[in-house]
Amino acid sequence: MSDRLSVFKTYKLYVGGKFPRSESGRVYDVTDSKGNWLANAPQSSRKDARDAVVAARKAFGGWSGATAYNRGQVLYRVAEMLEGRKEQFVREVAEAEGLSKAKAAAVVDAAIDRWVWYAGWTDKIAQVVGGANPVAGPYFNLSSPEPTGVVAVLAPQDSSFLGLVSVLAPVIATGNTAVVVASAKAPLPALSLGEVLATSDVPGGVVNILSGATAELGTPLAAHQDVNAIDLAGADAELAKELEIAAADNLKRVLRPQPVDYTATPGTDRLTAFLETKTVWHPTGALGASGSSY
């Protein structure tokens with residue numbers, strides 16, 4: 001009896017809840033820290049980026065309109081599914097980042113815990129950053145946060161999984177939809193995350209994951225008129241400057257790249273980075289200083 005041939009994994013993009021190959025048909029070699037070939041990853045094109053924005057915009061209404069509690073349940077479900085596929089992600093992270101199995105396992109555990117952490121914030125952030133404002137007049141003045149819209153996320157280059165989760169989870173926890181450009185040199189954990197999201201009650205289009213050259217994909221996303229904000233975590237200084245200029249055309253919110261320890265417990269900065277504050281005025285019923293009312 002002949003030896004059985006292994007079935008190699010075919011990595012694909014995750015766009016609109018589906019797994020297309022790149023529109024361009026291109027792929028590129030992904031290697032481990034020692035230069036050994038791991039897989040062929042799709043090299044996304046500008047057309048793929050535009051398709052991802054269309055999918056994200058289509059999904060925005062339903063996702064932003066869901067209750068915060070429901071979004072928390074969905075994010076927690078992602079953590080559950082990752083827990084069940086931990087062994088796969090430990091292997092992929094170890095290969096991608098040149099870590100021992102034990103250190104990769106710690107990274108994956110931290111990433112799962114990060115999903116749970118942000119799941120817990122979905123129905124609490126509004127109370128932290130919103131509320132009633134004191135005003136000199138017979139009015140209630142209430143501020144409440146709302147999602148910005150479609151957010152392009154350039155994932156960190158060196159933290160292929162924990163860093164990815166740390167920049168993606170807060171975007172969708174607050175009701176935004178995301179177009180993610182995975183780490184160019186280590187995209188496999190991100191592409192596998194798409195498979196988890198597809199089976200975790202996350203509606204199609206809420207998260208869209210592209211692999212390829214960061215500059216090639218970041219440029220059209222920064223200039224896209226239907227992208228409301230961009231996180232430049234995975235851009236170097238030169239690219240970040242170019243993308244900031246492009247983003248200014250439609251006044252996108254821009255989160256600049258900064259040194260981040262992704263192993264540390266995050267604050268609320270990334271939760272609030274892509275929220276807009278809506279303020280509503282409403283009469284209290286008092287008509288004057290005498291205290292008369294109706």
Pairing residues for Arg256 by the salt bridge (charged side-chain N to carboxylate O under 4.0 Å, His left out) criterion, not counting sequence neighbours: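 Residues passing salt bridge (charged side-chain N to carboxylate O under 4.0 Å, His left out) with Arg256: Glu244.
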Determine whether a donor-acceptor pair (N or O, by modelled atom type, separation under 3.5 Å) exists between the side chain of [X] and the backbone of [Y].
X	Y	value
Thr199	Val196	yes
Asp123	Gly72	no
Gln43	Ser22	no
Asp249	Ala223	no
Thr268	Leu271	no
Asp32	Glu95	no
Arg77	Leu197	no
Thr272	Asp269	yes
Asn70	Thr67	no
Ser44	Ser211	yes

With under 30° as parallel and over 60° as perpendicular, where do the rings of Tyr139 and Trp281 fit, or are they tilted in between?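 Perpendicular: the ring planes of Tyr139 and Trp281 meet at over 60°.
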For the pair Lys12 and Thr10, evaluate side chain to side chain contact (heavy atoms under 4.5 Å, CB included) and give the outcome as yes or no after the intermediate values. CA-CA 6 Å; Lys12 297 181 181 178; Thr10 302; 4.1 Å; yes
Is the closest side-chain donor-acceptor distance between [X] and [Y] under 3.5 Å?
X	Y	value
Glu242	Thr219	no
Asn133	Ser143	yes
Gln88	Arg85	yes
Lys34	Asn36	no

Between Lys9 and Glu92, is there a side-chain N and carboxylate O pair less than 4.0 Å apart?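 A salt bridge is absent here (no side-chain N lies under 4.0 Å from a carboxylate O).
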Ion pair present between Glu23 and Arg46, side-chain N to carboxylate O less than 4.0 angstrom?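 Salt bridge flag = no for Arg46 with Glu23.
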According to a hydrophobic-cluster definition based on side-chain heavy atoms being under 4.5 Å apart (Ile, Leu, Val, Met, Phe, Trp, Tyr only), do [X] and [Y] belong together?
X	Y	value
Val181	Val27	no
Ile209	Val202	yes
Val254	Phe274	no

Using a 4.5 Å cut-off on heavy atoms from C-beta on, say whether the side chain of [Y] contacts that of [X].
X	Y	value
Thr214	Gln157	yes
Val153	Val179	no
Leu13	Asp48	yes
Asp109	Lys86	yes
Phe140	Val135	no

Criterion side chain to side chain contact (heavy atoms under 4.5 Å, CB included) against Val180, the qualifying member of Val167, Val151, Leu164: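 Among the candidates, only Leu164 passes.
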Show your reasoning for whether side chain to side chain contact (heavy atoms under 4.5 Å, CB included) applies to Leu168 and Trp115. CA-CA 9 Å; Leu168 170 60; Trp115 278 111; 4.2 Å; yes
Dump the intermediate steps for side chain to side chain contact (heavy atoms under 4.5 Å, CB included) on Arg71 and Thr174, then the final yes or no. CA-CA 8 Å; Arg71 287 199 298 270; Thr174 47; 5.7 Å; no
Under 3.5 Å, side-chain donor or acceptor atoms of residues 228-241 against the rest of the protein: list the pairs with distances, not counting sequence neighbours.
unit_1, atom_1, unit_2, atom_2, d
Asn228, OD1, Arg57, NH2, 2.6
Asn228, OD1, Val150, N, 2.9
Asp231, OD1, Ala233, N, 3.1
Asp231, OD2, Arg270, NH1, 2.6
Asp236, OD1, Glu238, N, 3.3
Asp236, OD1, Leu239, N, 2.8

Check whether more than 12 heavy atoms from other residues, nucleotides or ligands sit under 6.0 Å from atom CD of Glu80, and answer yes or no.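 Yes, because the 6.0 Å sphere around CD of Glu80 holds more than 12 heavy atoms from other groups.
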How would you list all residue pairs meeting ring pair (Phe, Tyr, Trp, His ring centres under 6.0 Å) that involve residues 8-56, not counting sequence neighbours?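 As it turns out, the ring pair (Phe, Tyr, Trp, His ring centres under 6.0 Å) pairs with a partner in residues 8-56, which skip direct neighbours, are Tyr14-Phe19.
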Give the C-alpha distance, both sets of side-chain angles, the deciding distance and a yes or no for side-chain hydrogen bond (donor to acceptor under 3.5 Å, both in side chains) between Ser160 and Glu97. CA-CA 7 Å; Ser160 64; Glu97 301 180 20; 2.7 Å; yes
Where is the tightest heavy-atom contact between Leu82 and Leu193, given as atom of each residue plus distance?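 Here Leu82 and Leu193 meet closest at CD2-CD1, 4.2 Å.
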Go through it in stages, so that I can follow the logic: the residues are Leu275 and Glu146, the test is side chain to side chain contact (heavy atoms under 4.5 Å, CB included), and I'd like the CA-CA distance, side-chain angles, deciding distance and then a yes or no. CA-CA 5 Å; Leu275 287 173; Glu146 294 188 341; 6.0 Å; no
